[in-house]
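Encoded as structure tokens, the structure appears first; notes follow it.
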Amino acid sequence: MHGAIAMPDPASLPSPARSIDPEARIGHVHLKVADLDRALGFWRDVIGLEVQEIWAGQAAFLSAGGYHHHIALNTWESAGGPPPAPGTTGLYHVALLYPDRRALATALLRVLQAGIPLEGASDHGVSEAIYLRDPDGNGVELYRDRPRVEWPRTSEGTLHMTNRRFDLQALLAELR
């Protein structure tokens, strides 16, 4: 969807900073899907994202809270196509960050009520995460971060992430 652009000579430009600006954020994700209606059945009806716009039945832009889009779905190069084969490169998963445990519990309940199988659930120390797949085989992570002051650290101060069992029954108890 993007045309060719003229590029400046890199040698004529100043050297950039060594790291990305700490205020930078991951913006939005575009997913190639085989069937737009089927994908909407997952991303809109199960995950709960709101449709912002649909383009000619070939692309949909969805978000939380009215943003222009967090997830875009399109069939431009993938209509009727198969999911990516195991052992190939591509998107590992898209992660949706929920503001707190209750919101994550609500998301889990929606997934369970839709009969979508889970692939895993982990307590990473810094976050609690649930893993599943969308109808096109794309990995989906639903998670919430713990407050940064609670993140586990080594004696040297670096992060020490874990991969412990995440008690989903305890998470669902947040809804009682």
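In this structure, a donor-acceptor pair under 3.5 Å is absent between the side chains of Thr75 and Gln58.
Looking at Arg110, its side chain does come within 3.5 Å of a backbone N or O of Asp45 through a donor-acceptor pair. Not one N or O on the side chain of Ser122 forms a donor-acceptor pair closer than 3.5 Å with the backbone of Ala129. Without hydrogens or angle criteria, Ser127 side chain to Tyr143 main chain gives no donor-acceptor distance under 3.5 Å. No donor-acceptor distance shorter than 3.5 angstrom exists from the side chain of His30 to the backbone of Leu73, with no hydrogens or angles considered. When atom types are taken as modelled, the side chain of Thr154 and the backbone of Glu156 share a donor-acceptor pair closer than 3.5 angstrom. With hydrogens and angles disregarded, a donor-acceptor distance shorter than 3.5 Å links the side chain of Thr106 to the backbone of Arg102.
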message: Would Asp134 and Val94 count as a side-chain contact (heavy atoms from CB on, under 4.5 Å) here? Give the steps.
response: CA-CA 10 Å; Asp134 79 355; Val94 59; over 6 Å; no

message: Quick one, Leu36 with Arg38, criterion side-chain contact (heavy atoms from CB on, under 4.5 Å). Give me CA distance, side-chain angles, the key distance, then yes/no.
response: CA-CA 5 Å; Leu36 190 60; Arg38 182 182 71 182; over 6 Å; no

- request: Test salt bridge (charged side-chain N to carboxylate O under 4.0 Å, His left out) on Asp123 and Arg146 and set out the steps.
  value: CA-CA 10 Å; Asp123 180 341; Arg146 287 191 169 88; 2.8 Å; yes

message: Working note: Val51 + Phe61, criterion side-chain contact (heavy atoms from CB on, under 4.5 Å); need CA distance, chi angles, decisive distance, verdict.
response: CA-CA 6 Å; Val51 173; Phe61 300 87; over 6 Å; no

- request: Report the C-alpha separation of Glu128 and Arg101 in whole Å, then their side-chain angles, then the decisive distance to 0.1 Å, and conclude whether the salt bridge (charged side-chain N to carboxylate O under 4.0 Å, His left out) test is met.
  value: CA-CA 9 Å; Glu128 296 173 312; Arg101 278 181 62 87; 2.7 Å; yes

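Rounding to the nearest 0.5 Å gives a distance of 7.0 Å between CG of Asn138 and CH2 of Trp43. Separation of atoms CZ (Phe42) and CD1 (Ile71) is listed at 9.5 Å; rounding is to 0.5 Å. Rounded to the nearest 0.5 angstrom, Leu112 CG and Leu118 CG are separated by 5.5 Å. Taking CZ from Arg133 and CD1 from Ile116, the interatomic distance works out to 13.0 Å, rounded to the nearest 0.5 Å. Atom CG of Leu108 sits about 9.5 Å away from atom CD of Gln113, to the nearest 0.5 Å. Residue Leu97 holds its CG atom at 9.0 Å from CD of Glu141, rounded to the nearest 0.5 Å.
Counting non-hydrogen atoms of neighbouring residues, nucleotides and ligands closer than 6.0 angstrom, the NE2 atom of His68 exceeds 12 such neighbours. For Glu77, the CD atom is loosely surrounded, since the number of other residues' heavy atoms within 6.0 Å does not exceed 12.
Note on Val111 and Leu175: same hydrophobic cluster, where clusters join Ile, Leu, Val, Met, Phe, Trp and Tyr whose side-chain heavy atoms are under 4.5 Å apart, directly or indirectly. Note on Trp151: it does not cluster hydrophobically with Phe166, by side-chain heavy-atom contacts below 4.5 Å among ILVMFWY residues. Using a 4.5 Å cut-off between side-chain heavy atoms of Ile, Leu, Val, Met, Phe, Trp and Tyr, with links allowed through other members, Leu96 and Leu172 fall into the same hydrophobic cluster.
Heavy-atom minimum distance, Ser63 versus Gln52: OG-NE2, 3.1 Å. Minimum interatomic distance between Arg164 and Gly125 (heavy atoms only, all atoms of both residues): NH2-CA, 4.4 Å. When all heavy atoms are compared, the tightest approach of Ala34 to Gly81 is CB-O, 3.2 Å. In terms of heavy-atom proximity, Leu49 sits nearest to Ala64 at CD2-N, 3.9 Å.
For the pair Ile47/Leu142, a side-chain contact is recorded, criterion being any heavy-atom separation below 4.5 Å from C-beta on. Two residues are said to be in side-chain contact when any heavy atoms from C-beta on lie closer than 4.5 Å; Arg153 and Leu159 meet this criterion. The shortest side-chain heavy-atom distance between Ile54 and Leu40 falls under the 4.5 Å cut-off. The shortest distance between side-chain heavy atoms of Asn74 and Val33 does not fall below 4.5 Å. Val140 places none of its side-chain heavy atoms less than 4.5 Å from the side chain of Ile130. With a 4.5 Å cut-off on side-chain heavy atoms, His160 and Thr158 do not count as touching.
Centroid-to-centroid, the aromatic rings of His69 and His28 come within less than 6.0 Å.
With respect to the salt-bridge test (charged N to carboxylate O, under 4.0 angstrom), the residues Asp136 and Lys32 do not qualify. Checked for salt-bridge contact, Arg44 and Glu50 miss the test: no charged N lies under 4.0 Å from a carboxylate O.
Using bins of under 30°, 30° to 60° and over 60° for the plane-to-plane angle, the ring pair Tyr131/His93 lands in the tilted bin.
Legend: residues meeting ring pair (Phe, Tyr, Trp, His ring centres under 6.0 Å) with His124, ordered by chain and number and at least two apart, are absent.
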